[in-house]
Amino acid sequence: MKKFRMLIVISLLILSGCTKGNDTQTDTLQQIKNKNEIIIATEGTWQPWSYHNEDNELVGYDVELGQLIAEKLGVKATFVEAEWDSLFAGLDSKRYDIVINGVEITDERLEKYDFSNPYAFIKTAIIVKSDNDEIHSYDDLSGKQTANTLASTYATLAEHYGATTTGVDDLSQTIELVLQNRVDATLNAEVTYYDYMKVHPEASLKIAALTDESSLVSIPMRKGQESTALNQEINKIIDEMIQSGELSQLSIKYFGTDLVSE
């Protein structure tokens with residue numbers, strides 16, 4: 001985690017010194033303002049981050065954050081829903097301007113993308129059936145079968161501890177595989193588990209273990225000078241929302257707790 005923090009500090013220091021000389025043809029912020037629209041990629045299936053309510057409207061913590069960022073930039077927010085594996089590919093090919101989807105900062109992602117300041121801190125939970133007595137820690141994942149979106153932080157973490165991961169499309173599928181005893185566990189944000197249990201109190205699930213430290217949730221964008229101005233504006237907006245308490249209120253609205261303070 002200290003390594004993550006050092007990399008973040010270095011990245012932000014580099015960004016702060018690169019505001020001059022941006023080519024307007026590759027300046028993402030200028031392009032957003034020219035078209036009066038910021039295109040935001042999200043899954044739309046991960047409650048309460050981004051999901052559809054009873055009226056089939058796209059809502060969630062990440063959705064409202066994206067809307068507020070667009071509003072403060074003075075442009076329209078357009079959300080494009082895609083499966084996890086497509087989010088970064090779409091960012092790379094410039095189909096999207098940014099991704100807001102509960103993305104955690106990792107060393108590998110820092111090498112390829114620039115990130116905003118963190119807007120949430122979360123712990124990762126191992127979720128198992130209530131009668132599972134074999135998994136009590138992350139070390140117990142060795143030799144076990146888990147279900148998660150392939151290439152996600154959760155799948156990578158499970159594999160790091162020796163688990164074999166079955167790829168799925170969304171949270172509902174991962175939970176179903178656990179409940180059907182087709183896999184031993186799934187990894188996800190602790191708050192996502194609590195939100196699921198609030199909607200499905202009858203579900204025979206429990207948290208077997210949590211990570212010791214929190215992960216940093218941030219907004220990835222294309223790496224390099226083209227994103228410098230955009231990143232600085234988004235950081236300014238996030239910082240202002242933290243200082244005003246607006247982001248904490250948004251977190252409490254969707255998670256029932258304040259994820260903004262570590």
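Below, all heavy atoms of this structure are taken into account, side chains as well, without hydrogens, waters or symmetry copies.
With sequence neighbours left out, the ring-ring contact (aromatic ring centres under 6.0 Å, His included) criterion links His200 to Tyr196.
Asp140 and His136 are not linked by any side-chain donor-acceptor pair at a separation below 3.5 angstrom, with hydrogens and angles left out of the test. Between the side chains of Asn188 and Trp46, a donor-acceptor pair is found at a separation under 3.5 Å. For Ser248 and Asp258, the side-chain atoms include at least one donor-acceptor pair closer than 3.5 Å. Side chains of Glu37 and Thr78: a donor-acceptor N/O pair is present below 3.5 angstrom, by distance only. For the residue pair Gln30/Asn34, the side-chain donor-acceptor check at 3.5 Å is satisfied. In the model, Asp239 has a side-chain atom that pairs as donor or acceptor with a side-chain atom of Asn117 under 3.5 Å. A donor atom on one side chain and an acceptor atom on the other are found under 3.5 Å apart for Arg109 and Thr153.
Between Tyr51 and Tyr254, the ring-plane angle classifies as perpendicular under the 30° and 60° cut-offs. Aromatic ring pairs are classed by plane angle as parallel below 30°, tilted from 30° to 60° and perpendicular above 60°; the pair Tyr138 and Tyr161 is tilted.
The main-chain N or O of Ser116 is found under 3.5 Å from a side-chain atom of Ser218 such that the two form a donor-acceptor pair.
The only option from Thr146, Thr186, Leu187 that meets the side chain to side chain contact (heavy atoms under 4.5 Å, CB included) definition with Ile126 turns out to be Leu187.
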Hey, mind stepping through Trp49 and Phe255 against ring pair (Phe, Tyr, Trp, His ring centres under 6.0 Å) and telling me if it holds? CA-CA 9 Å; Trp49 300 87; Phe255 296 103; 4.9 Å; yes
Give the intermediate values and the outcome of side-chain hydrogen bond (donor to acceptor under 3.5 Å, both in side chains) for residues Asn101 and Thr42. CA-CA 5 Å; Asn101 195 71; Thr42 193; 3.0 Å; yes
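Here the two rings, on Phe88 and Tyr113, have centers that are under 6.0 Å apart.
Of all heavy-atom pairs spanning His52 and Asn56, the tightest one is ND1-O, 3.0 Å. Closest approach of Ala185 to Val128, counting heavy atoms only: CB-CG1, 3.6 Å.
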